[in-house]
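Here the structure is laid out as structure tokens; the discussion comes afterwards.
Heads up: numbering here begins at 1 and tracks the sequence.
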Amino acid sequence: MTSTVGYSDLQKSKDDYRTTLRYPIIDSTLLEVDDRLSDDNIFILSGTSALSSLVCSHRLLLAFLAFLGFFLCYAQRNGLSVGIICMVNPSVDNDPATYNNNSLANHRNIPASCHQHTAEKSRLPGQVLLWPKSTRGFLLGSFYWGYALTQVASSVAVNLLGPKRFLAVLIFASSMATILLPVFSKLHPSLVIALRIVAGAAQGGLWPTIFRFWSTWAPASERTTLLSFQSSGPSMGTIISLIIGGLFCTFSLDDAIPFIFRHGWAYFFYLLGGLGIVWSVVWLIFASDTPATNRHITLDEKEYIRACKAEEKIQDANTKIPWSAMLRSQGFWCILISMCFSDFGLYAVWTVVPEYMSEVLLFSIEANGFLSALPHMASFLVVMLSGGLADFIIGKNYVKRVNARKLFHGIGTFAPAICLLLISFLDCQRRYLAVALLIIGIAFNGFMMSGGYVVNVGDFSGVHSGVVFGICNTISSIGGFGAPYLTSIITKHKSALEWRVAFMLYAASFLISAIAFIFLARGETEPWACDDEQDEAHEELTEVKRKTSVI
């Protein structure tokens with residue numbers, strides 16, 4: 001049913017009413033104007049929920065494109081973790097695997113029951129590069145050197161250039177660096193490190209840009225749903241890259257073919273980079289900096305988003321960044337601490353799990369990619385399913401927004417901390433249990449992505465969310481290049497005992513993140529991110545809500 005509010009009730013014309021209240025909206029209810037009654041200045045308030053209006057909307061299409069963009073970027077980022085196993089000659093480390101079963105077992109204290117898994121395996125044709133373990137640690141971590149450099153700069157640049165074009169440029173640059181990786185890999189590892197730094201620098205602007213983008217596109221009631229859809233892209237990108245990366249390892253062509261086209265792993269990087277370039281073109285066609293400038297969006301959807309943003313009292317995109325107030329705010333420090341420690345554990349798991357599968361659990365290269373991908377599959381499903389759940393329990397007032405964020409972040413950090421701690425006491429004798437615990441831990445980490453600190457940034461910082469995320473992500477990127485290199489030092493002899501120390505370190509980082517977020521999180525827009533000029537309009541909106549009943 002609907003109820004009507006006539007001109008005599010509001011004492012304003014429709015145009016004046018909209019101008020004063022800046023396209024207000026009553027909670028999660030759409031304001032619809034019946035064309036038949038428009039001449040009489042009568043407004044129809046329809047009880048359509050905000051979530052249902054998301055179906056078949058242009059912002060849902062943009063969320064899907066954002067998902068694909070993040071999917072490709074994280075496939076480019078993490079594909080090297082499994083690809084490097086296919087590329088490097090194992091004899092470069094004087095690996096005992098090239099000797100015999102007994103010498104390997106004695107060197108790494110492998111239990112007798114696991115000797116069957118240590119049988120010497122023939123080197124794959126694609127394993128031709130001579131990069132020792134220390135060099136591989138630098139290679140895996142070099143991406144995050146560039147990643148750390150551009151976070152803050154990107155969060156400022158996106159306000160000048162606009163998120164539409166800036167995001168397309170970032171993913172295009174990352175894709176080109178990925179395509180060129182096989183071309184330069186034979187020449188010298190320093191060239192590959194340079195390409196990874198370029199890719200990292202490009203991807204360093206992803207999150208600040210997308211937060212800036214959604215600050216004008218995502219209504220508060222849909223923020224978790226839209227961001228969780230996009231936030232599942234990293235998990236799915238990692239999944240696919242680990243699976244198909246292992247498959248591409250299994251073939252190589254004739255030696256007469258030039259090196260850059262000879263091995264399967266080269267085509268893996270060409271595929272990821274080529275798709276990223278195609279994505280950049282598609283994004284430029286369908287996206288826009290704001291709903292008002294989009295040529296594909298309907299008028300109803302455009303006005304719905306404007307109404308939601310008016311009620312949120314979010315500052316205009318051109319508002320100067322309140323640096324002092326922002327850096328002193330509790331919400332900022334909450335994100336900084338919780339992100340730094342959770343990202344350290346997460347980056348470690350993303351980059352070193354394939355090595356752990358090979359060195360401790362003794363899985364073959366063929367099985368490694370699939371098994372390494374299973375935890376990310378589980379995380380993807382959790383992110384997709386739990387994003388709408390967070391919006392639901394907040395919308396039903398079961399818990400306050402800030403408590404929902406604490407709940408989701410707590411589940412997403414305590415669970416992997418416990419699972420990683422348990423894994424540290426397992427070896428190849430219970431290798432499938434170790435895989436199961438990895439799946440459970442990373443799956444529950446999806447709650448952090450769908451309703452924890454990732455979404456919480458937008459709750460309190462408005463259009464400045466890109467800057468907040470950029471600064472925090474810059475500092476947390478230390479874990480990106482520190483975790484794999486530190487792991488390569490700790491696990492120098494590839495023994496289960498060394499890996500136990502590494503996994504305990506990862507578990508502790510998740511635990512610290514959980515505790516910090518629970519005590520410091522903020523759930524509503526902070527004063528420095530509010531637009532005081534909209535206070536009067538917001539008060540009038542409240543009065544209209546009081547006078548109007550929606551059945």
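N456 contributes a side-chain N or O that, together with a main-chain N or O of R522, makes up a donor-acceptor pair within less than 3.5 Å. In this structure, W279 contributes its side chain and L65 its backbone to a donor-acceptor pair below 3.5 Å. Checking side-chain atoms of R136 against main-chain N and O of W131 turns up a donor-acceptor pair under 3.5 Å. K406 contributes no side-chain N or O that, together with a main-chain N or O of F517, makes up a donor-acceptor pair within less than 3.5 Å. Here the side chain of S215 pairs no donor or acceptor atom with the backbone of S465 at under 3.5 angstrom. A donor-acceptor contact shorter than 3.5 Å links the side chain of S175 to the backbone of I171. Distance alone, capped at 3.5 Å, places no donor-acceptor pair between the Q203 side chain and the S174 backbone.
Distance CZ/F70 to CD1/I210: 5.0 Å, rounded to 0.5 Å. In this structure, NE2 on H376 lies 10.5 Å from CD1 on I439, to the nearest 0.5 angstrom. Distance OG/S476 to CD1/I471: 12.0 Å, rounded to 0.5 Å. Summarising the geometry, atom OG1 belonging to T413 is positioned 12.5 Å from atom CZ belonging to F444; distances are rounded to the nearest 0.5 Å. In this structure, CZ in F184 is found 6.5 Å from CG in L191, a value given to the nearest 0.5 Å. Atoms OG and OH, on S424 and Y506 in that order, are 11.5 Å from each other to the nearest 0.5 Å.
The only member of F138, Y485, Y347, F344 that meets ring-ring contact (aromatic ring centres under 6.0 Å, His included) when paired with Y144 is Y347. Among the candidates W207, F166, W283, the single residue satisfying the ring-ring contact (aromatic ring centres under 6.0 Å, His included) test with F213 is W283.
Residues C73 and L206 are in side-chain contact: their nearest non-hydrogen atoms beyond the backbone lie under 4.5 Å apart. Within the 4.5 Å cutoff, the side chain of W528 has heavy atoms near those of the F460 side chain. When side chains are defined from C-beta on, L361 does not count as touching L371, because their heavy atoms never get closer than 4.5 Å. Using a 4.5 Å heavy-atom threshold, the side chains of L271 and I244 count as touching. F510 is listed as a side-chain neighbour of L346, based on a closest heavy-atom distance under 4.5 Å. Looking at heavy atoms from C-beta onward, L80 lies in side-chain contact with M87 at the 4.5 angstrom threshold.
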Begin from the C-alpha positions of L426 and L437 and carry the test side chain to side chain contact (heavy atoms under 4.5 Å, CB included) through to its verdict. CA-CA 10 Å; L426 301 179; L437 287 172; 3.8 Å; yes

One pair to check against side chain to side chain contact (heavy atoms under 4.5 Å, CB included): M377 and F370. What are the steps and the verdict? CA-CA 10 Å; M377 289 184 188; F370 176 73; 4.1 Å; yes

Test side chain to side chain contact (heavy atoms under 4.5 Å, CB included) applied to F447 and L407, step by step: CA-CA 9 Å; F447 281 92; L407 174 63; over 6 Å; no

Apply side chain to side chain contact (heavy atoms under 4.5 Å, CB included) to residues L139 and I193 and explain how you reach the verdict. CA-CA 6 Å; L139 284 169; I193 290 174; 3.3 Å; yes

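Between the side chains of T238 and N78, at least one donor-acceptor pair of N or O atoms lies under 3.5 Å. When only modelled atom types and interatomic distance are considered, H409 and S513 share a side-chain donor-acceptor pair under 3.5 Å. Between the side chains of S190 and H188, a donor-acceptor pair is found at a separation under 3.5 Å. Between the side chains of T487 and Y356, no donor-acceptor pair is found at a separation under 3.5 Å.
With Y147 as the aromatic partner, R77 meets the cation-pi criteria of under 6.0 angstrom to the ring centre and within 45 degrees of the ring axis. Geometric assessment of R431 against the ring of F363 yields a positive cation-pi assignment under the 6.0 Å and 45° thresholds.
Taking all atoms of both residues into account, the shortest heavy-atom contact from A373 to I243 is CB-CG1, 3.5 Å. Between L72 and L272, the closest heavy-atom pair is CD2-O, 4.5 Å. Looking at every heavy atom in both residues, S185 comes nearest to L129 through O-CD2, 3.9 Å. In terms of heavy atoms, P375 sits closest to L438 at CB-O, 3.6 Å. Across all non-hydrogen atoms, the minimal contact from L520 to I337 is CD1-CD1, 4.1 Å. Between N445 and G412, the shortest heavy-atom contact is ND2-O, 2.9 Å.
Within 6.0 Å of CZ in F414 there are more than 12 heavy atoms belonging to other residues, nucleotides or ligands. The number of heavy-atom neighbours closer than 6.0 Å to OH of Y74, taken from other residues, nucleotides and ligands shown, is above 12. Residue F425 places its CZ atom among more than 12 non-hydrogen atoms of other residues, nucleotides or ligands, all under 6.0 Å distant.
Ring orientation note: the planes of F71 and F67 are tilted relative to one another, at an angle of 30° to 60°.
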